[in-house]
2 protein chains.
Amino acid sequence: MQYSVGVEYALHCLVYLIDVPSNDSIGIKNLAEFQGLPETFLSKVFGKLSKAGIVSSVPGVKGGYRLSKSPEDISFWDVIEAIEGPNPIFQCKNIKENGYLYRKNCCQAPSFCTINLVMLSAEEKMRDDLRSKSLSWLNEELDSVLSKQIREDTRKYFSKSNT
Amino acid sequence: MQYSVGVEYALHCLVYLIDVPSNDSIGIKNLAEFQGLPETFLSKVFGKLSKAGIVSSVPGVKGGYRLSKSPEDISFWDVIEAIEGPNPIFQCKNIKENGYLYRKNCCQAPSFCTINLVMLSAEEKMRDDLRSKSLSWLNEELDSVLSKQIREDTRKYFSKSNT
DNA sequence: TTAATCGGCGATTAACTTAGTCTTCGATTG
DNA sequence: CAATCGAAGACTAAGTTAATCGCCGATTAA
């Protein structure tokens with residue numbers, strides 16, 4: 001039970017897109033190479049991000065991706081939902097309906113499940129936290145954690161390799 | 001990305017163990033039959049619950065399982081952890097260490113990952129909620145939600161089939 | 001004491017999911 | 001028009017999950 005690597009790939013990549021001017025873009029190839037990720041797979045991840053309206057694509061030579069909204073309006077949860085889909089972590093199989101009581105008297109079994117409700121509300125607590133952290137927040141966080149040199153090198157890498 | 005059905009099976013079964021007197025027990029066969037679950041699989045689920053100290057097993061004929069602590073001291077999270085193991089939902093692959101900067105200068109890359117920390121803290125919010133809901137809480141909740149008839153029938157089923 | 005009933009455990013299987021690849025396509029640039 | 005990009009679907013290999021099977025040791029009732 002865990003999130004797919006796509007989420008991790010996406011979040012790491014999106015940070016690099018923050019500083020890209022809105023008339024420019026970064027190609028999948030660059031992003032993949034810089035981070036040592038499989039290019040074709042990353043391409044699929046960005047397809048999902050694109051469908052979710054988080055990034056927009058620029059086709060053709062010199063094409064690539066850029067953020068399609070302000071980094072303040074992109075939360076961790078937006079990214080996870082884009083990659084993982086809308087399904088909750090806990091999916092009730094409604095096992096009550098296979099049970100003895102249900103077989104004995106069909107209409108007595110309740111159609112909703114208390115256990116499921118508990119799970120959904122717990123997940124909601126997690127999502128709330130994830131919704132409160134935006135891409136721009138992450139960017140500032142990284143500024144205070146990473147050395148100036150690393151951040152400089154990163155920006156240099158993407159600016160020179162896409163002009 | 002979702003919890004295994006084992007968690008659902010376990011929670012549903014544990015409710016039925018609450019009213020079992022401490023010198024008695026309920027067999028896997030009964031629990032499985034009552035809920036229409038595969039017996040052999042449920043047996044493995046209870047193996048994990050047993051290892052986690054949530055239930056204790058009574059071997060031999062007329063054997064079965066009973067709670068090994070008070071239902072107030074068994075939380076939803078205890079059950080999930082017993083079945084799913086200790087691993088967090090988001091597992092960082094540390095993709096930074098495959099990247100260009102790391103290859104360029106090994107010692108500059110940070111060994112911890114901000115994204116991972118955010119994920120872990122969000123999960124912790126969910127776990128806190130899950131830790132606050134105990135088996136006895138669930139039992140009371142079910143009392144107020146389910147009809148008296150259903151609860152009565154359930155108790156009757158397990159008391160008569162194990163004597 | 002012996003047969004039947006229970007949990008414990010490991011090997012196995014079938015279905016499904018995931019990470020990743022390959023290939024074809026259409027759009028863009030030079 | 002050719003090279004380079006993203007889009008998309010088919011495909012594959014590996015891993016996971018749900019479930020089964022068989023064998024064991026413990027226990028109990030006849």
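Below, read A as the first sequence line, B as the second, and so on, with proteins coming before strands; counting in each chain starts at 1.
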Expressed as a whole number of angstroms, how long is the span from [X]:[atom1] to [N]:[atom2]?
| X | N | atom1 | atom2 | answer |
| --- | --- | --- | --- | --- |
| Phe46(A) | dA8(D) | CZ | C1' | 17 Å |
| Ile28(B) | dT20(D) | CD1 | P | 14 Å |
| Lys62(B) | dA29(D) | NZ | C1' | 10 Å |

(request) Under 4.0 Å from any atom of DNA chain D, heavy atoms only: list the residues of residues 47-60 of chain B that qualify, in numerical order. (result) Pro59(B), Gly60(B)
(message) So, OP1 or OP2 of dA19(D): does either fall under 4.0 Å of a side-chain N or O from Thr40(B)?
(response) no
Salt-bridge criterion met for [X] and [Y] (N-O under 4.0 Å):
| X | Y | value |
| --- | --- | --- |
| Arg131(B) | Glu124(B) | yes |
| Glu123(B) | Arg127(B) | yes |
| Lys48(B) | Glu84(B) | no |
| Asp128(A) | Lys125(A) | no |

(message) Can you give me the closest heavy-atom contact between Ser121(B) and Lys133(A), atom names plus distance?
(response) OG-NZ, 4.1 Å
(request) Heavy atoms only: give me the nearest Asp129(A)-Ala122(B) pair and the separation to one decimal. (result) OD2-CA, 3.3 Å
(request) Give the C-alpha distance, both sets of side-chain angles, the deciding distance and a yes or no for side-chain contact (heavy atoms from CB on, under 4.5 Å) between Asp19(A) and Arg155(A). (result) CA-CA 8 Å; Asp19(A) 296 321; Arg155(A) 290 198 183 90; 2.8 Å; yes
(request) Report the base-pairing partner of dA30(D) (Watson-Crick or G-U wobble, both distances below 3.5 angstrom), or none. (result) dT1(C)
(request) Select one nucleotide: of dG7(C), dC6(C), dA4(C), the one nearest the side-chain heavy atoms of Lys29(B). (result) dC6(C)
(message) Suppose we screen for ring pair (Phe, Tyr, Trp, His ring centres under 6.0 Å). Which residues come up paired with Phe34(B), at least two apart in sequence or across chains?
(response) Tyr100(A), Tyr16(B), Tyr157(B), Phe158(B)
Pairs under 3.5 angstrom, nitrogen or oxygen only, protein versus nucleotides 11-18 of chain D, please.
unit_1, atom_1, unit_2, atom_2, d
dT17(D), OP1, Met1(A), N, 3.4
dA18(D), OP1, Val5(B), N, 2.8

